[in-house]
S.K.: 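Before anything else, here's the structure in question.
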Amino acid sequence: MEENDSEKPQDFIRAHISEDVANQKNDGRVHTRFPPEPNGYLHLGHAKSICLNFGIAKEFNGLCNLRLDDTNPSAEKVEYAKAIQKDVKWLGFDWEERLFHASDYFDQLHQWAVQLIKDNKAFVCDLNFEEMRAHRGNLTDAGKNSPFRDRSVEENLDLFAKMKAGEFDEGTKTLRAKIDMSSPNLNLRDPVIYRILHQEHPETGDQWKIYPSYDFAHGQSDSLEGITHSLCTLEFEHHRPLYDWFCENLKIHHPQQIEFARLNLNYTVMSKRKMLRLVEEGHVDGWNDPRMPTLSGMRRRGFTPASILSFCERVGLAKRENIIEMELLEFCLREDLNKCAQRRLGVLDPLKVTIANYPDGQVEELDAVNNPEEPETGTRKVSFSKTIFIDRNDFMEDPPKKYFRMAIGKEVRLKYAYYVTCLEVIKNDQGEITELICEYDPESRGGGTPDARKVKGTIQWVDSTTAVNPEIRLYERLFKVPNPDEVEEGKDYISNLNSDSLTSISNALVEASIQEMKAGEAFQLERIGYFTIDSKAQEDGNLVLNRSVAMRDSWAKKQGK
RNA sequence: AGCCUGGUGGUGUAAUGGUAGCACAGAGGUUUUUGGUACCUUCAGUCGGGGUUCGAGUCCCUGCCGGGCUGCCA
């Protein structure tokens with residue numbers, strides 16, 4: 001462990017593990033795993049689990065496996081399995097040679113099922129879905145034993161072998177653990193441990209006609225891999241007695257399951273099922289839509305691994321349900337990008353500016369700072385000429401008090417360029433402003449003057465001779481309410497989708513160097529926000545900028561009041 | 001209803017019987033060639049009631065409120 005670990009408070013899981021290590025449980029070894037099911041893309045909630053499992057392994061000089069929990073071939077795909085590995089790697093974690101599948105253990109699991117039958121602790125049940133539900137009882141009433149519960153070991157062995165051989169139709173028979181139909185924990189009322197599924201499996205092909213249930217596969221997989229601490233979310237709490245039951249009755253290494261509260265973020269949804277529907281119904285542009293809280297979507301949006309790691313550290317870890325505010329995520333992104341993103345100039349809504357006293361036909365190169373937070377990143381050249389563009393909302397004809405931007409007769413600084421003063425406003429027949437006529441102070445080249453006079457406002461601009469015109473996409477929260485699941489009778493979260501979550505801007509202008517940026521590379525358009533090149537559009541040869549997050553804007557906030 | 005689980009500022013999360021702290025958000029300010037950043041200041045909390053104790057967020061009792069569980073999903 002690192003030295004400063006004693007300084008920062010431990011969460012309840014790390015405290016638990018520290019104690020186990022101190023007591024030499026498992027010989028002081030720590031081994032965790034991240035076990036996603038390959039039935040969808042990883043999201044921010046998974047990132048929390050990934051950081052936890054890989055983070056703990058590292059802190060305790062242990063190991064963390066990546067295991068694909070592929071016990072249900074009906075929803076699982078190779079596409080998902082590949083995406084999962086890509087996302088975990090992207091976050092910066094390494095499972096080394098320890099990529100496993102629950103399906104790696106199908107043979108062993110099957111043997112264990114046979115062992116349970118021989119020990120008279122499991123039986124083949126002929127009840128169908130409805131009958132089984134009826135026998136299970138409910139929250140207040142105990143269940144009834146299955147009429148097939150007392151079959152002989154020999155008959156069970158024979159029937160289970162036939163199930164395995166594919167002699168029965170799906171849903172006609174199951175293998176059930178013989179536990180307790182009157183347990184207040186419904187999971188212990190003779191749970192199904194094998195079901196018949198005539199499905200092709202991505203890893204094992206058509207080898208199996210029966211597949212183990214989660215409960216019969218997960219703990220055993222942990223056990224086989226020598227996992228010491230099996231960390232999972234709260235909804236598995238009721239499954240822990242089952243987890244323990246199998247380890248004990250199979251007499252195998254018994255990892256400790258510990259549950260923690262899953263991550264919730266407001267203004268979005270964090271469930272694969274709900275995301276899948278957004279994708280399938282076309283509400284978003286696929287799993288990696290930049291508005292999705294998937295890791296692939298966030299990557300396309302311009303999030304950095306460092307910002308996500310920082311976020312996962314800050315959300316904390318506890319057993320109480322929580323809803324994190326989106327602002328924390330945005331803070332983490334800005335915090336990281338402020339340090340590492342290069343600055344560039346661009347305008348979203350160009351307004352032509354002619355500098356009356358600037359020489360006709362002259363074009364000069366000015367030095368612009370790449371990143372004021374990292375001076376060693378140096379400067380770049382930006383061109384300047386008689387005709388430039390500023391952002392339309394940086395000019396006002398009737399400015400309010402304390403408006404620092406361009407207005408008639410008011411001197412402002414063009415970032416990295418000159419001081420200019422607006423002389424005249426030109427409008428079209430509809431009364432819309434089409435152009436500003438300004439004059440500049442040649443002495444102010446670079447943004448300062450010999451007399452050191454103060455200029456309060458600094459605005460960004462682009463030069464007409466070199467600017468390029470990308471498509472710019474601005475994103476807002478995907479849902480218009482903090483909790484998308486809070487709906488009127490008869491409606492669901494889809495009705496809470498924010499129809500303004502995507503804004504596409506077609507007439508923006510940015511400095512030419514943006515064309516050299518790579519997809520995923522973060523940069524700041526000064527005073528507008530942090531952006532990255534859209535990877536999907538780039539593959540099609542189009543230049544599209546995604547706004548990852550806007551700058552904090554205390555002026556807008558003040559105006560809004 | 002039964003079982004499980006949890007309640008600390010707006011949101012999260014610490015304090016393991018001894019000064020209720022930190023972060024984000026909010027408010028105000030200083031600096032600034034980004035109304036950004038940085039820095040400073042500030043607002044605000046132990047679910048209620050009883051008990052044990054010199055001392056309770058922490059232990060006990062009780063009430064209230066939230067979440068989870070009735071797939072051959074994970």
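Hydrogens, waters and symmetry mates are skipped; everything else that's a heavy atom, side chains included, is used. Reminder, nothing fancy here: chain letters follow the sequence lines and each chain counts from 1.
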S.K.: Is B:rG67 in the syn or the anti form, by the rule that syn lies within 90° of 0?
M.R.: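 Because its glycosidic torsion lies more than 90° from 0, B:rG67 adopts the anti conformation.
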
S.K.: For a quick test of reading the model: is some side-chain N or O of A:Arg320 closer than 4.0 Å to OP1 or OP2 of B:rU8?
M.R.: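 Yes, A:Arg320 has a side-chain N/O under 4.0 Å of OP1/OP2 on B:rU8.
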
S.K.: So that I can tick it off, tell me whether A:Arg240 and A:Glu259 are bridged by a salt bridge, with the cut-off set at under 4.0 angstrom between side-chain N and carboxylate O.
M.R.: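 Result for this pair is yes, salt bridge flagged.
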
S.K.: In whole angstroms, how far is the C1' atom of B:rG66 from the CD atom of A:Glu486?
M.R.: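 That distance rounds to 13 Å.
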
S.K.: For B:rC24 and B:rC65, measure between their C1' atoms and round to the nearest Å.
M.R.: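 Approximately 26 Å lies between the C1' atom of B:rC24 and that of B:rC65.
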
S.K.: Can you check the A:Met406 CE to B:rG35 C1' distance for me, whole Å?
M.R.: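 Rounded to whole Å, this separation is 16 Å.
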
S.K.: Apply ring-ring contact (aromatic ring centres under 6.0 Å, His included) to A:Phe384 and list each qualifying residue two or more places apart in sequence or on a separate chain.
M.R.: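 Per chain and number, A:Phe384 pairs via ring-ring contact (aromatic ring centres under 6.0 Å, His included) with A:Tyr358, A:Tyr418, A:Trp461.
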
S.K.: Answer yes or no: does a side-chain N or O of A:Arg552 lie under 4.0 Å from OP1 or OP2 of B:rU37?
M.R.: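 The answer is yes; a side-chain N or O of A:Arg552 sits under 4.0 Å from OP1 or OP2.
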
S.K.: Look through every strand shown and name the nucleotide pairing with B:rC69 as Watson-Crick or G-U wobble, where both distances are under 3.5 Å.
M.R.: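 When the pairing criteria are applied, B:rG2 turns out to be the nucleotide that pairs with B:rC69.
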
S.K.: Can you list, by residue number, the residues of residues 412-419 of chain A that have a non-hydrogen atom closer than 4.0 angstrom to RNA chain B?
M.R.: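 A:Arg413, A:Lys415, A:Tyr416 - these, ordered by number, are the residues of the stretch whose heavy atoms sit under 4.0 Å from the strand.
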
S.K.: Rounding to a whole Å, what distance do you find between A:Leu337:CG and B:rG36:C1'?
M.R.: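 After rounding, the gap between these two atoms is 13 Å.
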
S.K.: Is there a side chain to side chain contact (heavy atoms under 4.5 Å, CB included) between A:Tyr211 and A:Asn72? Walk through the geometry before answering.
M.R.: CA-CA 7 Å; A:Tyr211 290 92; A:Asn72 185 0; over 6 Å; no

S.K.: Quick one: A:Asp336 CG to B:rA23 C1', roughly how many Å, whole number?
M.R.: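 Atom-to-atom, A:Asp336 to B:rA23, this comes out as 17 Å.
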
S.K.: How would you label the contact of A:Thr71 with the nucleic acid (heavy atoms, under 4.0 Å): base, sugar-phosphate, or nothing?
M.R.: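 Counting heavy atoms under 4.0 Å across all strands, the contact made by A:Thr71 is with sugar-phosphate only.
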
S.K.: Are any of A:Ser213's side-chain N or O atoms less than 4.0 Å away from OP1 or OP2 of B:rC73?
M.R.: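 Result: no.
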
S.K.: Once you round it to whole Å, what is the distance between C1' of B:rG68 and CZ of A:Phe236?
M.R.: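 The distance from CZ of A:Phe236 to C1' of B:rG68 comes to 12 Å, rounded to the nearest Å.
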
S.K.: Could you please name the partner base of B:rA74, counting Watson-Crick and G-U wobble pairs only when both distances are under 3.5 Å?
M.R.: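 Its partner is none (no Watson-Crick or G-U wobble pair with both distances under 3.5 Å).
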
S.K.: Hey, does the side chain of A:Arg334 come within less than 4.0 Å of B:rA25's phosphate (OP1/OP2), counting only N and O?
M.R.: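 The answer is no; no side-chain N or O of A:Arg334 sits under 4.0 Å from OP1 or OP2.
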
S.K.: Between C1' on B:rG66 and CG on A:Asn322, what's the gap in Å once rounded to a whole number?
M.R.: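 Roughly 13 Å, once rounded to whole Å.
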
S.K.: Can you tell me the distance, in whole Å, between the NE2 atom of A:His46 and the C1' atom of B:rA74?
M.R.: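 Those two atoms, NE2 and C1', are 10 Å apart.
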
S.K.: How are the rings of A:Tyr41 and A:Trp287 set to each other: parallel, tilted or perpendicular (split at 30° and 60°)?
M.R.: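 Correct class here is parallel.
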
S.K.: Need one value for A:Gly457: base, sugar-phosphate or nothing, where a base atom within 4.0 Å counts as base even if backbone is also close, heavy atoms only.
M.R.: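 No contact at all - A:Gly457 keeps every heavy atom at 4.0 Å or more from the nucleic acid.
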
S.K.: Tell me which nucleotide, if any, is Watson-Crick or G-U wobble paired with B:rU37 when both distances must be under 3.5 Å.
M.R.: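 Pairing partner: none.
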
S.K.: For A:Thr532, give me all partners under side chain to side chain donor-acceptor pair (under 3.5 Å), at least two apart in sequence or on another chain.
M.R.: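 For A:Thr532 there are no side chain to side chain donor-acceptor pair (under 3.5 Å) partners, ignoring immediate neighbours.
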
S.K.: Rounded to whole angstrom, note down the P distance from B:rG18 over to B:rG55.
M.R.: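 Per the computed distance, 14 Å lies between those P atoms.
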
S.K.: With centres under 5.5 Å and planes under 30° as the test, does A:Phe404 stack with B:rG35?
M.R.: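 Check passed, A:Phe404 stacks on base of B:rG35.
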
S.K.: Would you please name every residue forming a side chain to side chain contact (heavy atoms under 4.5 Å, CB included) with A:Asp11, sequence neighbours left out?
M.R.: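 A:Asp11 satisfies side chain to side chain contact (heavy atoms under 4.5 Å, CB included) with A:Ile13, A:Arg14, A:Leu317 once adjacent residues are dropped.
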
S.K.: Side chain of A:Glu373, base of B:rG36: donor and acceptor closer than 3.5 Å?
M.R.: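 Donor-acceptor pair under 3.5 Å: yes.
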
S.K.: May I ask you to say what A:Ile323 touches in the nucleic acid, namely base, sugar-phosphate or nothing, with a heavy-atom cut-off under 4.0 Å?
M.R.: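 Sugar-phosphate only.
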
S.K.: So, OP1 or OP2 of B:rG26: does either fall under 4.0 Å of a side-chain N or O from A:Lys557?
M.R.: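 Yes.
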
S.K.: Within the structure shown, what part of the strands sits under 4.0 Å from A:Asn138 by heavy-atom distance: base, sugar-phosphate, or nothing?
M.R.: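 A:Asn138: base contact, heavy atoms under 4.0 Å.
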
S.K.: Hey, does A:Pro372 reach any base, or is it just sugar-phosphate, or nothing, if we go heavy atoms under 4.0 Å?
M.R.: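 Base: the residue A:Pro372, judged by heavy atoms under 4.0 Å, touches a nucleobase.
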
S.K.: Among pairs that include at least one residue of residues 126-148 of chain A, which meet salt bridge (Lys or Arg N to Asp or Glu O under 4.0 Å), considering only residues two or more places apart or in two chains?
M.R.: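 Non-adjacent pairs meeting salt bridge (Lys or Arg N to Asp or Glu O under 4.0 Å): A:Asp126-A:Arg151, A:Asp126-A:Lys173.
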
S.K.: Determine, for A:Glu37 against A:Lys272, whether the closest basic-nitrogen to carboxylate-oxygen distance falls under 4.0 angstrom.
M.R.: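 Result for this pair is no, no salt bridge flagged.
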
S.K.: Tell me: CD of A:Glu235 to C1' of B:rG68, nearest whole Å?
M.R.: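 Roughly 9 Å, once rounded to whole Å.
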
S.K.: At less than 3.5 Å, do the side-chain atoms of A:Arg405 and the base atoms of B:rG35 form a donor-acceptor pair?
M.R.: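 When only heavy-atom distances are counted, A:Arg405 does reach the base of B:rG35 through a donor-acceptor pair under 3.5 Å.
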
S.K.: Stacking between B:rC72 and A:Phe129, yes or no? Criterion: centroid separation under 5.5 angstrom, plane angle under 30 degrees.
M.R.: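 It does: the two rings, one from A:Phe129 and one from B:rC72, meet the stacking criterion.
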
S.K.: What nucleotide among B:rU32, B:rC72, B:rU34 has an atom nearest to a side-chain atom of A:Arg136?
M.R.: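 The listed nucleotide nearest to A:Arg136's side chain is B:rC72.
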
S.K.: Between B:rU34, B:rU70, B:rG35, spot the one nearest the side chain of A:Glu526, thanks.
M.R.: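 So the nucleotide nearest the side chain must be B:rU34.
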
S.K.: For B:rC3, take OP1 and OP2 only and decide whether either is under 4.0 Å from a side-chain N or O of A:Ser183.
M.R.: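 False: A:Ser183 side-chain N/O out of range (4.0 Å or more) of B:rC3 OP1/OP2.
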
S.K.: According to side chain to side chain contact (heavy atoms under 4.5 Å, CB included), who are the partners of A:Phe331, at least two apart in sequence or on a separate chain?
M.R.: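 Only A:Arg314, A:Glu335 meet the side chain to side chain contact (heavy atoms under 4.5 Å, CB included) criterion with A:Phe331.
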
S.K.: Does B:rG57 pair with anything, Watson-Crick or G-U wobble, both distances under 3.5 Å, and if so, with which nucleotide?
M.R.: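 The answer is none; no pair meets the criterion.
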
S.K.: Quick one: does any side-chain atom of A:Ser146 pair with a main-chain N or O of A:Phe148 as donor and acceptor, under 3.5 Å?
M.R.: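 Answer holds: yes.
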
S.K.: May I ask which nucleotide in the shown strands pairs with B:rU19, Watson-Crick or G-U wobble, both distances under 3.5 Å?
M.R.: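 Matched B:rU19 with nothing under the 3.5 Å cut-off.
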
S.K.: Between the side-chain atoms of A:Glu321 and the base atoms of B:rG68, is any donor-acceptor pair under 3.5 Å?
M.R.: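 Side chain to base: no pair below 3.5 Å.
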
S.K.: For the side chain of A:Gln524 and the base of B:rU34, is some donor closer than 3.5 Å to an acceptor across the two?
M.R.: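 Under the 3.5 Å cut-off, the side chain and the base do form a donor-acceptor pair.
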
S.K.: Does the structure show A:Trp555 stacking with B:rG35, if we require the centres to be closer than 5.5 Å and the planes to be within less than 30 degrees of parallel?
M.R.: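 Stack criterion met.
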
